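Here's the structure, in structure tokens; my notes come after.
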Amino acid sequence: MTDFEKKVLKVVCAIPLGETRSYKWVACKVGSPRSWRAVANALKKNPYPFFIPCHRVVKSSRDSGGYSLGKGLKKELINFEKRVRDVIQ
DNA sequence: ATCATGACTAATG
DNA sequence: CCATTAGCCATGA
């Protein structure tokens, strides 16, 4: 694990349940607003896809983006969490 | 040190 | 709306 990846994962963990953020947003959060490309790399290497909510990170064009376990699953997870959030609130 | 590679983005036609 | 282009940066070979 590199420091950069740690920062990225930390930020991603901070995304609320049922919410989505863009890669760029994450890049800004970690300090350098121009490293969104590297952010994608870090997520791609993510060792714990289910404990680190990397599925909450989507493309800025509101497309779902990619996922190491399949983007279809990513969409499902996002919908699922949205419903969970609705139930809770 | 250099080079290619992405789960990307924004601008343009 | 779709395709193309240039820009971007950490990482591994």
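Every heavy atom of this structure was used, including side-chain atoms; hydrogens, water molecules and symmetry mates were not. Computed from a predicted structure; not experimentally measured.
- Proximity of A/Tyr23 to A/Leu43: side-chain heavy atoms (C-beta onward) are separated by under 4.5 Å at one or more points.
- Atoms NZ (A/Lys74) and P (B/dC8) sit 8 Å apart, rounded to a whole Å.
- OP1 or OP2 of B/dT9 sits under 4.0 Å from a side-chain N or O of A/Ser60.
- Out of B/dA7, B/dT9, C/dA10, the shortest distance to the side chain of A/Ala38 is found at C/dA10.
- The side chain of A/Lys45 sits closest to C/dG12 out of B/dA7, C/dG12, B/dC8.
- Comparing B/dG6, B/dT9, B/dA7 by their nearest atom to the side chain of A/Ala40 picks out B/dA7.
- Following rounding to the nearest Å, A/Tyr67 (OH) and B/dA7 (P) show an atom-to-atom distance of 14 Å.
- Contacts between residues 23-34 of chain A and DNA chain B, defined by a heavy-atom separation below 4.0 Å, involve A/Tyr23, A/Lys24, listed by number.
- Using a 4.0 Å cut-off between a side-chain N of Lys or Arg and a carboxylate O of Asp or Glu, A/Glu5 and A/Lys45 qualify as a salt bridge.
- Here the C1' atom of nucleotide B/dC8 and the CZ atom of A/Arg21 are 18 Å apart, to the nearest Å.
- In the interface, the side chain of A/Arg37 is paired with the base of C/dC8 through a donor and an acceptor atom under 3.5 Å apart.
- Within the 4.5 Å cutoff, the side chain of A/Cys28 has no heavy atoms near those of the A/Arg21 side chain.
- Placement of A/Val12 and A/Met1 within a single hydrophobic cluster is found when ILVMFWY residues are connected by side-chain heavy-atom separations under 4.5 Å, directly or transitively.
- When rounded to the nearest whole Å, the span between CZ of A/Phe4 and C1' of B/dG6 equals 13 Å.
- Distance, A/Lys44 NZ to C/dA10 P: 16 Å, rounded to whole Å.
- Summarising the geometry, the separation between CG on A/Asp63 and P on C/dC1 is reported as 12 Å, rounded to the nearest angstrom.
- A donor-acceptor distance shorter than 3.5 angstrom exists from the side chain of A/Lys74 to the backbone of A/Gly66, with no hydrogens or angles considered.
- Between A/Val57 and A/Trp25, the closest side-chain pair of non-hydrogen atoms is not below 4.5 Å.
- Between A/His55 and A/Glu81, the side chains place a donor N or O and an acceptor N or O closer than 3.5 Å (distance only, hydrogens not considered).
- As rounded to whole Å, 11 Å separates atom P of B/dA7 from atom NZ of A/Lys59.
- Rounded to whole Å, the distance from NZ on A/Lys6 to C1' on C/dA10 is 15 Å.
- Contact annotation for A/Ser64: no contact, since no heavy-atom pair falls under 4.0 Å across all strands.
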